[in-house]
Amino acid sequence: MAVMQRKPIRVLDSASVDRIAAGEVIERPASVVKELVENALDAGARIVRINVEDGGLASISVDDDGAGIPFRELPLVCERHATSKIVSSADIVQVASFGFRGEAMASIASVSRTTVLSRTEDEDVGGMIRLVGGTIERREPAPRNRGTTITVEDLFFNTPARRKYLKLPQAEKRAVLQTVQSLALAYPEVRWRLTADGVVLLDLLPADSLPARAREILGPACLEHMSRFEAQEGGVVVGGLASRPTWTRPSRADQYIFVNRRPVESAPLYQAIRVAFKDVLPPGRFPSVLLFLQVPPGDVDVNVHPAKTEVRLMLERHIFGMVVHALREALDLRADPSFRPVAGDELPAPGAPRGPLQSIAEAQEDYLRRHFTGSASTAPASAGQPGLFDASHRAPSGDGVAPPAQAEEEEVAVAPRQAPFWQLHRTYVCTQTKGGLLLIDQHNSHERILYNEAQKALAAGQLRVPVQQLLFPVTLDLTPLQLQSFQSASTDLEKLGFLIQPFGGRSVLVQGIPTSLKNWNEGQLLLDILDDLAGASRTGHAAHDDLLASFACHGAVRAGALLTIPEMQNLLDLLFATDTPLSCPHGRPTMIQFPIEELEKRFGRR
């Protein structure tokens, strides 16, 4: 076995140190924007303008009207551990500014071509300094009004390994937008303007309140469902805005947490939000929350992460309880009985409440009587989602002719003990096969059906999905991120059956939707799809896959929806007509089979 030759310990050169440090602070263009904007806010800026080119990979520029930097101090701007925020180590535990480490500008300059142009109020002329890879190339007087403009070009030009791991420009642009939105919520009194490749993404005038700024970022529709919450105890203040259970999102993207006005990621505080809403929201849905936490500077450690995106709270458990209590009290988040687990014999009949049955036999007879007797003509229209899997969406038979209506009636008029399908907890379709028992997940199965239909529509290059014209077109107000998603996917959305027109500003007018969708919910479905696309970062065929998966997931019949026997039959027909009937687009199984041998073994027959 070869003995590894020992290498001597060396002190790294300054260039290597700078690039290693840059990797801790600067992960992507959005990290640069965050650091530069935070410096502007620390300087007292009331107007902040950001411009990015090619997602920030080619150029990032941040312009502010803050206090400025004296000409004589410009060389110190990009020196490591040079800062105006603190004087000694004792100041770190009481820091009230965004920055204090003196690393951000040095890290940015070491991996880019950086130009700083600045002037203070008491100087007659400003100054300019240009650095390439952290080395000063030029420094000279330059005219400018009070404030600072920092331009960062060719990010990671001297670290190609870092650059190749960045996401595509569209994804980086979305990350920049999310960063600016978060800071704009924390500082509504500031004038914000964000442009990307010549297109204005955000243009926010100073707002006099948090609700006014929330309306611009989250949209007026969301704000209508939001309530204030507040709690104060000792030196800790918790407050903000949160959406009631009537408004939810498919992800946590609209949850913002601020500690002393600093946007942060905090697992304990996200958990507190989840606990507060756990009894009133179904799995997979999230409230929109703007949570502001004000604590004494000495009770929060902001020196946990080099990028200062994480903090450690001294009174974490106490604050956790305050957040939960404040949300529950302000929004009256009492547990909804519909989310309480129930036994099978507690499920009510469609349209009428029922008390619990006294025996398994009674429950069985009642269930069979309610679900498997009568014909299609006598079944109540409200017993399921009308037209969910009607004949127009059936899988075609071999000769292309739809089965006659009489055959469907005969299929429904089955004796109770011979019923081919029944529903378990309004989530799973049960049927027997030659080999045993088959359980079908109705949501996963419909998801696969919609996915394949949409896939064929996009592959055809033209509208092939049946469209339902809305009697009353719906106007939707989009958030900036949703608008970006819509502009990128508008052509594909049209092929899927969405008839949408721009309606001025960030509004769109929806005139038609795919006929196969059953969860339109006055536009909530489309907003959920756009939110999903905003969280994705792929292009080309991969972006198509993201759209298809989101469309199918949000458009599919939900667990808890009551299905009629013809709907269950047609669900299986359509499912087995797809190319991959055994799993949904996310990879979850659509069905599980219990072999008769396994059942016999469990009942002691083997």
Side-chain angles (χ1 to χ4, degrees), residues 29-53 56 59-71 73-74 77 83-85 96-99 104-105 108 114-129 142-153 173 175-218 256 258 260-263 290 292 308 479-481 483 505-506:
S31 305
V32 176
V33 172
K34 170 185 173 297
E35 297 294 344
L36 297 184
V37 171
E38 287 179 351
N39 281 343
L41 295 173
D42 281 342
R46 292 298 178 186
I47 301 175
V48 180
R49 303 181 184 89
I50 306 106
N51 180 66
V52 296
E53 301 291 337
S59 173
I60 299 170
S61 177
V62 174
D63 179 276
D64 69 65
D65 65 343
I69 305 168
F71 180 66
E73 294 181 9
L74 282 178
V77 168
T83 179
S84 61
K85 315 296 174 60
S97 60
F98 278 110
M105 282 304 303
I108 293 170
T114 302
T115 302
V116 181
L117 177 62
S118 188
R119 184 174 80 84
T120 61
E121 186 69 42
D122 56 358
E123 288 182 318
D124 295 330
V125 65
M128 185 274 292
I129 189 169
R144 196 204 185 282
N145 294 329
R146 192 196 71 177
T148 303
T149 301
I150 299 180
T151 304
V152 177
E153 299 172 303
K173 181 170 68 174
V176 169
L177 176 57
Q178 289 173 316
T179 298
V180 176
Q181 283 186 162
S182 181
L183 289 163
L185 285 167
Y187 285 81
E189 71 274 17
V190 174
R191 168 82 158 87
W192 299 86
R193 183 179 175 87
L194 170 63
T195 58
D197 303 310
V199 178
V200 178
L201 301 184
L202 275 182
D203 193 1
L204 308 175
L205 296 174
D208 58 2
S209 67
L210 176 61
R213 180 51 49 85
R215 176 183 294 272
E216 297 172 308
I217 300 296
L218 302 180
Y256 296 86
F258 306 90
N260 294 346
R261 300 185 84 180
R262 180 192 302 274
L290 305 180
F292 286 80
K308 303 179 294 295
T479 66
L481 283 171
L483 181 61
R506 297 204 304 261

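This one's a predicted model, so the numbers in the text were calculated from it and none came from an experiment. FYI, side chains are in, hydrogens and waters are out, and symmetry mates aren't considered; it's all heavy atoms of this structure.
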[Y] and [X], any side-chain heavy atoms less than 4.5 Å apart:
| X | Y | answer |
| --- | --- | --- |
| E189 | R46 | yes |
| D65 | N145 | no |
| V152 | L36 | yes |
| L41 | R261 | no |
| R191 | D203 | yes |
| V77 | I129 | no |
| V125 | F71 | no |
| D63 | R193 | no |

How close do [X] and [Y] get, heavy atom to heavy atom, and via which atoms?
| X | Y | answer |
| --- | --- | --- |
| A30 | T179 | CB-OG1, 3.6 Å |
| F258 | S182 | CE2-O, 3.2 Å |
| L202 | P480 | CD2-CG, 3.5 Å |
| P188 | S209 | CB-O, 4.0 Å |
| L483 | R506 | CD2-CG, 3.8 Å |
| R119 | G126 | CD-N, 3.4 Å |

Quiz item: Any chance CG of D124 has more than 12 other-residue heavy atoms, nucleotides or ligands included, within less than 6.0 Å?
Solution: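 Not more than 12 within 6.0 Å, no.
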Practice problem: Walk me through it: do Y187 and V37 pass the test side-chain contact (heavy atoms from CB on, under 4.5 Å)? | Solution: CA-CA 11 Å; Y187 285 81; V37 171; over 6 Å; no
Quiz item: Under 3.5 Å, is there a donor-acceptor pair between the side chain of R49 and the main chain of V62?
Solution: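 Side chain of R49 to backbone of V62, a donor-acceptor pair under 3.5 Å: no, none is there.
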Quiz item: Judged by atom type as modelled, is there a donor-acceptor pair below 3.5 Å linking the side chain of T120 to the main-chain atoms of I69?
Solution: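 No, because the side chain of T120 does not come within donor-acceptor range (under 3.5 Å) of the backbone of I69.
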How far does [atom1] of [X] sit from [atom2] of [Y], to the nearest 0.5 angstrom?
| X | Y | atom1 | atom2 | answer |
| --- | --- | --- | --- | --- |
| I217 | L290 | CD1 | CG | 9.5 Å |
| T149 | R144 | OG1 | CZ | 3.5 Å |
| R146 | S118 | CZ | OG | 10.5 Å |
| E53 | K173 | CD | NZ | 10.5 Å |
| L185 | W192 | CG | CH2 | 10.0 Å |
| Q181 | L481 | CD | CG | 4.5 Å |

Practice problem: Check each of T195, T151, D197 against N51 using the side chain to side chain donor-acceptor pair (under 3.5 Å) test, and report the only one that passes. | Solution: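 With N51 as partner, T195, T151, D197 yield a single side chain to side chain donor-acceptor pair (under 3.5 Å), made by T195.
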Exercise. State plainly whether the residues R213 and D208 are in salt-bridge range, i.e. N to O under 4.0 Å.
Key: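 The answer is no: the pair does not qualify as a salt bridge.
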